[in-house]
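These notes are about the structure you will find just below.
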Amino acid sequence: MSFFTGKTKLVNSSIIPSSSSSSSSSSSTPPAAGKVTKEAAVALLHDHDFFLKTDPHHVSHRTLTPTTEDEKQSTADAAAARRTYQLPRDVEPVSSPPVQVYEVVDHVPNPVWSSSVVSKEELVDVKDGLFVRIRSPLSVVMETRWYVRERERGEDVEGEGELELVEDCEITCSKLLVGIVKGQVDNNWKGIHERIMARMVEDAKKSAA
């Protein structure tokens, strides 16, 4: 890593609310009905179209078609995808194609970028969630592991099987830009989590109806 390159790490998490109503004790509906399950929560993270649109700066996105021979081979071969996209060792693709690449346009008004920022985003479905690598102008790279986990005892857990949405982000860019990029993540993460969790609860209610 260059002397001029900076790196920072952020971890944000949110407790996933249950859609079950506390006033349903007189109903014949089982208490677990309408509860967000880990399987459903992970499946939602695998919905790339929805996921990309949760970013408040999102304008548009499109799927990029593989152009090189390595990229074409990677569409059906997880091992080839790991080599071509240099995936971290702990990232194990579970879908086909193993890596889905998108061109994403965001409207990001700030003193460094123009209002329209075009990035390349590599999305990888994994067992517990989603790995996202964003390559933006000025050599800004963000690698984020989104995953759903059961909260452990001793973590102020209110109920058995309480779930948590975790965003584990690592930013690599010029030291001059680290503060700006980190600030954007700090400003946006709560809203993104709220959009994702609201959809999880909505889907749970529909499945229980």
Side-chain angles (χ1 to χ4, degrees), residues 1-14 44-72 74-75 81 84-88 91 93 95 97-126 129-147 165-200 202:
M1 186 169 62
S2 167
F3 173 78
F4 299 102
T5 301
K7 183 175 288 189
T8 189
K9 190 177 179 66
L10 302 168
V11 179
N12 299 310
S13 62
S14 302
L44 181 60
L45 292 178
H46 291 177
D47 182 343
H48 298 176
D49 185 66
F50 166 77
F51 177 83
L52 292 171
K53 291 177 180 177
T54 61
D55 190 310
H57 301 299
H58 176 273
V59 175
S60 64
H61 66 269
R62 68 184 181 92
T63 304
L64 294 181
T65 303
T67 54
T68 68
E69 287 303 315
D70 286 343
E71 289 175 349
K72 292 176 181 177
S74 297
T75 61
T84 300
Y85 296 99
Q86 299 181 340
L87 299 180
V91 175
S95 299
V99 180
Q100 188 68 68
V101 185
Y102 298 89
E103 180 185 85
V104 180
V105 179
D106 293 318
H107 178 77
V108 187
N110 61 64
V112 177
W113 288 295
S114 61
S115 58
S116 292
V117 178
V118 181
S119 301
K120 180 180 177 182
E121 301 197 13
E122 301 159 10
L123 274 60
V124 183
D125 295 340
V126 295
L130 184 68
F131 172 77
V132 181
R133 179 185 287 140
I134 303 175
R135 301 181 186 274
S136 297
L138 302 180
S139 301
V140 174
V141 179
M142 294 175 56
E143 292 188 351
T144 307
R145 290 162 171 80
W146 291 84
Y147 59 92
L165 176 65
V166 182
E167 173 192 5
D168 188 336
C169 175
E170 183 174 86
I171 302 166
T172 304
C173 63
S174 164
K175 290 180 179 179
L176 297 175
L177 298 177
V178 168
I180 294 175
V181 180
K182 180 179 181 294
Q184 289 182 341
V185 176
D186 286 335
N187 291 335
N188 295 333
W189 76 267
K190 288 184 179 179
I192 294 174
H193 284 219
E194 288 173 358
R195 293 181 186 91
I196 293 173
M197 295 189 299
R199 173 65 180 274
M200 289 176 179
E202 179 185 351

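- The two atoms that bring L87 and P93 nearest to each other are CD1-CG, 4.0 Å, heavy atoms only.
- Around NZ of K190, the count of heavy atoms belonging to other residues, nucleotides or ligands within 6.0 Å does not exceed 12.
- Between H61 and Y102, the angle of the ring planes goes over 60°, which puts this pair in the perpendicular group of the 30/60° scheme.
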Please assess E122 against R135 for the test salt bridge (Lys or Arg N to Asp or Glu O under 4.0 Å), listing each intermediate value before the final yes or no.
CA-CA 8 Å; E122 301 159 10; R135 301 181 186 274; 3.1 Å; yes
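- The distance from the NZ atom of K9 to the CD atom of E143 is 9.5 Å, given to the nearest 0.5 Å.
- Stacking of R199 on the aromatic ring of F50 is recorded, both the 6.0 Å distance cut-off and the 45° axial limit being met.
- Nearest heavy atoms, K175 versus T5: CE-O, 3.6 Å.
- Nearest approach of Q86 to R133, heavy atoms of both residues: O-NH2, 3.0 Å.
- Checked against the 6.0 Å centroid threshold, F131 and W146 do not count as a close aromatic pair.
- Among all heavy-atom pairs drawn from C173 and V181, the shortest one is SG-CG2, 4.3 Å.
- Side-chain N/O atoms of T67 and E71 include a donor and acceptor closer than 3.5 Å.
- Contact detail for V124 and P98: the closest heavy-atom pair is CG1-O, 3.4 Å.
- How far NE2 of H58 is from NZ of K53: 6.5 Å, rounded to the nearest 0.5 Å.
- Remark: L44 CG to E202 CD distance equals 10.0 Å, nearest 0.5 Å.
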